[in-house]
There are 2 protein chains.
Amino acid sequence: MFKTGCMLTQSEENYLKAIYSLSEQNAEMISTNLLADKMATKASSVTDMIKKLSEKSLITYLKYQGCELTPFGRETALQIIRKHRLWEVFLVEKLNFGWEEVHEIAEQLEHIQSSKLTDKLDEFLKFPKIDPHGDPIPDKNGVFQKQIIAQPLASIQISEKATITGVEDGSSEFFQFLKRYEIGLGTEIKVLEKFSFDQSILILVGDKEINLSALVSQKIYVCQA
Amino acid sequence: MFKTGCMLTQSEENYLKAIYSLSEQNAEMISTNLLADKMATKASSVTDMIKKLSEKSLITYLKYQGCELTPFGRETALQIIRKHRLWEVFLVEKLNFGWEEVHEIAEQLEHIQSSKLTDKLDEFLKFPKIDPHGDPIPDKNGVFQKQIIAQPLASIQISEKATITGVEDGSSEFFQFLKRYEIGLGTEIKVLEKFSFDQSILILVGDKEINLSALVSQKIYVCQA
DNA sequence: TTCAATATTTAGCCTTGTCTAAAAATAGTT
DNA sequence: AACTATTTTTAGACAAGGCTAAATATTGAA
Ligand SMILES: [Mn+2]
Ligand SMILES: [Mn+2]
Ligand SMILES: [Mn+2]
Ligand SMILES: [Mn+2]
């Protein structure tokens, strides 16, 4: 359908993004099972794809050891992430989507092939530096500000105040949950109590007390100004 | 990846558009070869796809006779065309692309699955009625104004004047050709001469005389105000 | 060090969409 | 009516991307 020799399929691009994302947390090589889990697929399928990406010099692969992005692969992944986040900004800023709705659509838009389109979109949006979820947007050279010094909400001490600067990019359900409790970027919170038996946390948002599970409090990032 | 049971692949959507487009010119059923030609593929591949679309009640199919869109298929095709043309407007109006560059990109964007996105885009663009090439844009119910009464440039008599109201949606090369000669929507022209030996036509654009081949003069539509 | 549990790869099959080559149906011409 | 020429369909193959089941490598606990 399109010409250029080094064009990637949507599937290849999605794997690349997943490997990049896992590399952020894991220092070492990415294992087949970890990737299979992330991609919600089977280890055998991952092995096949890993070989393909390695063939294209996007990752290095050592049998039974795992894989790792090459500089070229990293650059490629960052360009996909750039597109994803720019489209998210477009959807929220220009089309008035809620921040909880845009991830799914951006998952499709990130695969549109036209670097001219990406650059013009970037310009149209006035070169935004972060997306609606607080994640940094790489520029056309793949350069981006490292995440603002943020820590998981879970790590805040009792009676401390903090401002939400980001949330982990995830399911629409998660964002709907946050919206339900009127939690968003810039929301100020105060930690009231922490329950050790289940690691849940009680916070104050406006004048409402909300109990958040350990899972949720790990996915919300805050900054203590 | 997406839920709804009746989701179409990009390939299926492209066939549907091609069948719709051919139905505009051909009164009868669309033959396998005609469609193969349009899709730049082989007749055997078309037969396979035709069966699939027929299975999904998007077309009616009679062996050896050809195929035809069902009302449901027509509606589906119009929604894809709607998306294609809305994105073309977006690219030209908002991102300042040239009208000759947008078709290729819109070929990709038209497959993004989200009717909410389409409707919000439509609203953002102020519900445009025609795309950058003069083609009408169906609304969310598939309703659109029939093409402005236009005739091919080839049919204009010598010494008559006319205004360009549309061009056939085609290759980027074609649009670049038109741009090269400063021919666009709204351009006023005058027919100076018509050469019967090759059906070419000599027109006046501004103060320049331009000879257009029969092929080109069939693809440009004009209106005599 | 040995052996079982776990992780990874291989082998073989499926679906989608494409192709070529061969078979069958239709159309056109005498 | 008969016989070509053309169109269309079928049959068989292939590549991409997925799956299951089986084989193999690695790990780590006794
Ligand atoms: Mn996202
Ligand atoms: Mn995001
Ligand atoms: Mn177009
Ligand atoms: Mn158009």
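Proteins get letters first, then strands, A, B, ... in listed order; numbering begins at 1 in each. For the numbers below, each heavy atom of this structure counts, side chains included, while hydrogens, waters and symmetry mates do not.
- Residues A:W99 and A:L185 are in side-chain contact: their nearest non-hydrogen atoms beyond the backbone lie under 4.5 Å apart.
- OP1 or OP2 of D:dC19 lies within a sub-4.0 Å distance of a side-chain N or O belonging to A:S45.
- Residue A:T9 is the one, among A:K42 and A:T9, whose nearest nucleotide of DNA chain D lies closer to the 5' end (criterion: closest heavy atom).
- Among the nucleotides D:dT9, D:dC19, C:dT10, the one closest to the side chain of A:T41 is D:dC19.
- A:N33 and A:S31 form no side-chain donor-acceptor contact under 3.5 Å, judged by distance and modelled atom types alone.
- Enclosure of atom CD in A:E24 by more than 12 non-hydrogen atoms of other residues, nucleotides or ligands within 6.0 angstrom is indicated.
- Put simply, CD on A:Q65 is 11 Å from C1' on C:dA7, counting in whole angstrom units.
- A:K51 has its NZ atom 4 Å from the P atom of C:dT10, to the nearest Å.
- Regarding B:E55, its CD atom lies at a distance of 14 Å from the P atom of C:dT15, rounded to whole Å.
- Side-chain contact check for A:E101 versus A:K179: every heavy-atom pair is 4.5 Å or farther apart.
- Of the candidate nucleotides C:dT8, D:dG17, D:dT8, C:dT8 has the atom nearest to the side chain of A:N33.
- Taking atom CG of residue B:L35 and atom P of nucleotide D:dT8, one finds them 10 Å apart after rounding to whole Å.
- At the phosphate of D:dG18, OP1 or OP2 sits under 4.0 Å from a side-chain N or O atom of A:Y15.
- Among D:dC19, D:dG17, C:dT18, the nucleotide with an atom closest to any side-chain atom of A:D48 is D:dC19.
- Going from atom CG of A:L34 over to atom P of D:dT26 covers 19 Å, rounded to whole Å.
- Distance, B:L53 CG to C:dT16 P: 13 Å, rounded to whole Å.
- Straight-line distance from the CD1 atom of B:I50 to the P atom of D:dT9: 6 Å, rounded to whole Å.
- Side-chain proximity of B:Y64 to C:dT16, C:dT26, C:dT18: nearest is C:dT26.
- Contact between the side-chain N/O atoms of A:T47 and the OP1/OP2 oxygens of C:dT8 is not found at any separation under 4.0 Å.
- Atom NZ of A:K63 is separated from atom C1' of C:dT10 by 9 Å (rounded to the nearest Å).
- Looking at the side chain of B:K52, the nearest of the listed nucleotides D:dC19, C:dT20, C:dT16 is C:dT16.
- The listed nucleotides are C:dC19, C:dT8, C:dA11; the one nearest the side chain of A:S44 is C:dA11.
- Here the side chains of A:H84 and A:H103 are in contact, with some heavy-atom distance below 4.5 Å.
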